[in-house]
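Here the structure comes first, spelled out in structure tokens, and everything after it is commentary.
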Amino acid sequence: MTENLFFVGPGRAGLALGYAFSQTGAVSSVTYCGRRPEPPSHPLFIQGAADYVYGLKRPADHTTAVFLSVPDDSVGELARTLASQGEAPPGCAAFHMSGALTTDPLHPLHDQGYAVGMVHPLQSIAHPIRGAEHLPGSYFAVAGETQAVAVARRLMALIRGRALTIPSVQRPLYHASAVMASNHLLALIAVAARALARTGVSSEDALKALVSLARGTLDNLEEFGPERALTGPVMRGDLETIRLHLRVLEPEDRELYAALAKQLVDLATNLDADTTEELISLLS
């Protein structure tokens, strides 16, 4: 089956996902609707792989999936506006790409015959072109009506995506975990790079060095799991080194260091009870 995809909103996530799909050879057409007269500068449009519509129109009858790739607070309004364009194309599913919302804002589209659901890439998409390189093989949170979920799984298979079924009531918890693993990781490395730069290392070198370190840690985490991947002073029960770190860090950084180190104590299963107690006391 060939796919015909329709995106409302040419933002980073929508462009990256459409670009990834277009490169599979299984997509006949990709159409984007946007608020600006001209399409963004992107290979999809430069190479003629996608069409651009200024404004919003009803998807063509051959459309198999619609994606509302817009900010969360715009999903409901755009769903109502698209629904006002008329009935759904036969067999078409409509998705929003929010990680936190339920499918409730899509009810107007459901009433027009769309099978509604959500597809959220569990991936950091910081760039509309480079982001497409990260999507193949990634996990996607999928939910919604049975037909919509089936369409989502069919599309994810094109890019070797793996689906996570997240119940609506658990969507906020899912999204919070994604934010911690992505955005909060960014904040942590930025804080660490700032501390390293205080030693006289350039900010550029500090960031590159710590990203390299973090990448190795993530590789170990994926291969060995959290407990076996753990290294450093908490794993060794090295109280003196931790005291030294706490003395030299800035107050805000010290608070973050202590909070995260306390979480590592539970992973350091090799420690005896006395050392564990001392660590917790020190970090508190």
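- Considering only heavy atoms from C-beta on, Leu44 stays 4.5 Å or farther from Tyr52 through its side chain.
- For residues 97-120, no pair satisfies salt bridge (Lys or Arg N to Asp or Glu O under 4.0 Å), with sequence neighbours left out.
- Between Val30 and Tyr19 the shortest side-chain heavy-atom distance does not fall below 4.5 Å.
- Take Arg130 and apply the salt bridge (Lys or Arg N to Asp or Glu O under 4.0 Å) test, not counting sequence neighbours, and it matches Glu133.
- No continuous path of hydrophobic side-chain contacts links Phe21 to Met118 [ILVMFWY only; heavy atoms under 4.5 Å].
- In this structure, CD1 in Ile280 is found 8.5 Å from CG in Leu283, a value given to the nearest 0.5 Å.
- A distance of 11.5 Å separates CG in Asp72 from CE in Met97, rounded to the nearest 0.5 Å.
- Criterion: ILVMFWY side-chain heavy atoms under 4.5 Å apart, direct or through other members. Under it, Val66 and Tyr32 are not part of a common hydrophobic cluster.
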Can you give me every donor-acceptor pair (side chain of residues 210-219, partner residue at least two apart or in another chain, under 3.5 Å) with its distance?
from   : atom 1 : to     : atom 2 : distance (Å)
Thr217 : OG1    : Leu213 : O      : 3.1

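- Across Arg35 and Tyr54, no two heavy atoms sit closer than the pair O-CE1, 3.1 Å.
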(request) Test side-chain contact (heavy atoms from CB on, under 4.5 Å) on Leu101 and Arg171 and set out the steps. (result) CA-CA 7 Å; Leu101 295 179; Arg171 201 71 48 71; 5.8 Å; no
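- Rounding to the nearest 0.5 Å places CG of Asn4 at 8.0 Å from OG1 of Thr31.
- No side-chain heavy atom of Glu3 sits less than 4.5 Å from a side-chain heavy atom of Thr24.
- Using a 4.5 Å cut-off on side-chain heavy atoms (C-beta onward), Glu145 and His110 make contact.
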Report all side-chain donor-acceptor pairs from residues 77-96 shorter than 3.5 Å, counting only partners two or more places apart or in another chain.
from  : atom 1 : to     : atom 2 : distance (Å)
Thr81 : OG1    : Glu77  : O      : 2.9
Ser84 : OG     : Thr81  : O      : 2.5
His96 : ND1    : Ser98  : N      : 3.1
His96 : NE2    : Thr102 : O      : 2.8

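- Taking all atoms of both residues into account, the shortest heavy-atom contact from Ala152 to Val142 is CB-CG1, 3.7 Å.
- Between the side chain of Glu227 and the backbone N or O of Leu267 there is no donor-acceptor pair closer than 3.5 Å.
- Under a 3.5 Å cut-off, the side chain of Arg162 and the backbone N or O of Gly137 do form a donor-acceptor pair.
- Of all heavy-atom pairs spanning His175 and Ala100, the tightest one is ND1-CB, 3.8 Å.
- At a threshold of 4.5 Å between side-chain heavy atoms, the hydrophobic network of Ile, Leu, Val, Met, Phe, Trp and Tyr places Leu282 and Tyr257 in one connected group.
- Put simply, the side chain of Gln123 gets close to the backbone of His134: a donor and an acceptor are under 3.5 Å apart.
- Between the CG atom in Leu17 and the CD1 atom in Ile125 there is a gap of 7.0 Å [rounded to 0.5 Å].
- A 4.5 Å side-chain heavy-atom check between Pro226 and Leu221 finds at least one atom pair inside the cut-off.
- More than 12 heavy atoms of other residues, nucleotides or ligands sit less than 6.0 Å from atom CD of Gln47.
- Using modelled atom types, one finds a donor on one side chain and an acceptor on the other under 3.5 Å when comparing Thr165 with Arg153.
- For the pair Ser124/Ser182, a side-chain contact is recorded, criterion being any heavy-atom separation below 4.5 Å from C-beta on.
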Using residues 6-13 as the side-chain source, report each donor-acceptor pair under 3.5 Å to any protein atom, sequence neighbours left out, with the distance given to one decimal.
from  : atom 1 : to     : atom 2 : distance (Å)
Arg12 : NH1    : Ala126 : O      : 3.4

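- One distance of note links CG of Leu239 with OG of Ser281; it measures 9.5 Å at 0.5 Å rounding.
- Between Thr64 and Arg154, the shortest heavy-atom distance links the atoms CB-NH2, 4.0 Å.
- For the salt bridge (Lys or Arg N to Asp or Glu O under 4.0 Å) condition, the pairs that include at least one residue of residues 187-214, sequence neighbours left out, are Arg194-Asp253, Arg198-Glu250, Glu204-Lys208.
- Grouping the Ile, Leu, Val, Met, Phe, Trp and Tyr side chains by contacts below 4.5 angstrom, directly or via other members, places Leu256 apart from Leu196.
- Under the 4.5 Å side-chain heavy-atom criterion for grouping Ile, Leu, Val, Met, Phe, Trp and Tyr, Leu15 is connected to Met156 within one hydrophobic cluster.
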(request) Could you give me the CA-CA distance, side-chain angles and deciding distance for Val119 and Leu155, then say whether side-chain contact (heavy atoms from CB on, under 4.5 Å) is met? (result) CA-CA 10 Å; Val119 170; Leu155 290 172; over 6 Å; no
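- In terms of heavy-atom proximity, Phe45 sits nearest to Ala50 at CD2-O, 3.7 Å.
- The shortest distance between side-chain heavy atoms of Thr231 and Asn220 does not fall below 4.5 Å.
- Proximity of Ser29 to His62: side-chain heavy atoms (C-beta onward) are separated by under 4.5 Å at one or more points.
- Atom-to-atom distance recorded for Ile242:CD1 and Leu246:CG is 7.5 Å, nearest 0.5 angstrom.
- Remark: Tyr139 OH is loosely packed, at most 12 non-hydrogen atoms of other residues, nucleotides or ligands lying under 6.0 Å away.
- When all heavy atoms of Gly237 and Leu279 are compared, the closest pair comes out as CA-CD1, 4.3 Å.
- The closest donor-acceptor contact from the side chain of His42 to the backbone of Pro128 lies under 3.5 Å.
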